[in-house]
Amino acid sequence: QVQLVESGGGLVQAEGSLRLSCAASGRTFSYYAMGWFRQAPGKEREFVAAINWNGGSTYYADSVKGRFTISRDNAKNTLYLQMNSLKPEDTAVYYCAATPNSGNLYLTYDYDYWGQGTQVTVSS
């Protein structure tokens with residue numbers, strides 16, 4: 001089992017940047033593939049980005065490709081999401097998630113463990 005805690009959210013102007021972190025504790029962090037999801041008010045939780053256990057493979061939603069970068073530091077048990085050129089439509093609660101599986105990483109039910117979320121608000 002793994003526990004996840006997100007941080008780094010906040011209020012930023014459009015075209016600004018934020019870096020989210022997700023600190024993991026419990027079972028060995030490198031055992032898990034990791035993902036970032038987001039949920040805006042009134043909308044379903046949606047996939048943002050994912051990364052395999054060693055960082056060798058990354059995956060992005062089309063809406064964030066070229067603007068967001070997912071990375072991980074297994075020595076620090078931490079997952080990151082660097083968000084650049086932020087847009088008001090990026091406003092949401094951002095969640096990190098973990099899965100011991102190596103298959104499909106795009107769907108919420110592919111993941112077993114979730115953090116509590118961190119709010120990102122982008123003003124126009």
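Just the heavy atoms: all of them, side chains too, but no hydrogens, waters or symmetry mates, feed the values below.
Side-chain contact between Thr78 and Arg72 is absent, with no heavy atoms from C-beta onward closer than 4.5 Å. Val120 has its side chain out of reach of Thr91: every pair of non-hydrogen atoms, C-beta onward, lies at least 4.5 Å apart. Residues Thr121 and Val12 have side chains not in contact (no heavy-atom distance under 4.5 Å, counting atoms from C-beta outward). Taking 4.5 Å as the limit, some side-chain heavy atom of Gln116 sits within range of a side-chain heavy atom of Glu6. For the pair Leu20/Gln82, no side-chain contact is recorded, criterion being any heavy-atom separation below 4.5 Å from C-beta on. At a threshold of 4.5 Å between non-hydrogen side-chain atoms, the residues Tyr32 and Asp112 do not count as touching. Leu79 is not listed as a side-chain neighbour of Asp73, based on a closest heavy-atom distance of 4.5 Å or more.
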ask   = How far apart are the C-alpha atoms of Thr99 and Asp110, what are their side-chain angles, what is the distance that settles it, and do they pass the side-chain hydrogen bond (donor to acceptor under 3.5 Å, both in side chains) test?
value = CA-CA 7 Å; Thr99 176; Asp110 293 322; over 6 Å; no
task = List the steps and the verdict of side chain to side chain contact (heavy atoms under 4.5 Å, CB included) for Val48 and Leu81.
result = CA-CA 10 Å; Val48 175; Leu81 185 67; 4.2 Å; yes
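Linking Ile, Leu, Val, Met, Phe, Trp and Tyr residues whenever their side-chain heavy atoms come within less than 4.5 Å leaves Trp114 and Val5 in two separate clusters. In terms of hydrophobic clustering, with Ile, Leu, Val, Met, Phe, Trp and Tyr side chains grouped at heavy-atom distances under 4.5 Å, Leu107 and Tyr60 are assigned to different clusters. No chain of hydrophobic side-chain contacts below 4.5 Å, direct or via other Ile, Leu, Val, Met, Phe, Trp or Tyr residues, connects Leu11 to Val122. Hydrophobic clustering of Ile, Leu, Val, Met, Phe, Trp and Tyr side chains at less than 4.5 Å, counting indirect connections, keeps Ile70 apart from Val93. The hydrophobic cluster containing Ile51 does not contain Leu105, counting ILVMFWY residues as joined when their side-chain heavy atoms lie under 4.5 angstrom apart, directly or transitively.
Among the candidates Tyr59, Tyr106, Tyr95, Phe68, the single residue satisfying the ring pair (Phe, Tyr, Trp, His ring centres under 6.0 Å) test with Phe47 is Tyr106.
Across all their heavy atoms, Tyr111 and Ala33 have their closest contact at CE2-O, 4.4 Å. When all heavy atoms are compared, the tightest approach of Val2 to Ala24 is CG2-CB, 3.9 Å.
Here the side chain of Arg67 pairs a donor or acceptor atom with the backbone of Ser85 at under 3.5 angstrom. Between the side chain of Asn74 and the main chain of Trp53, a donor-acceptor pair closer than 3.5 Å is present.
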Using a 3.5 Å cut-off and no angle test, enumerate the donor-acceptor pairs between side-chain atoms of residues 35-44 and protein atoms at least two apart in sequence or in another chain.
from	atom 1	to	atom 2	distance (Å)
Trp36	NE1	Tyr80	O	3.2
Arg38	NE	Glu46	OE2	2.6
Arg38	NH1	Asp90	OD1	2.9
Arg38	NH1	Tyr94	OH	2.9
Arg38	NH2	Glu46	OE2	3.2
Gln39	OE1	Arg45	NE	3.3
Gln39	OE1	Arg45	NH2	3.4
Gln39	NE2	Lys43	O	3.1

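To the nearest 0.5 angstrom, Ser123 atom OG is 10.0 Å from Leu86 atom CG. The SG atom of Cys22 sits 10.5 Å away from the CG atom of Asn77 when rounded to the nearest 0.5 Å.
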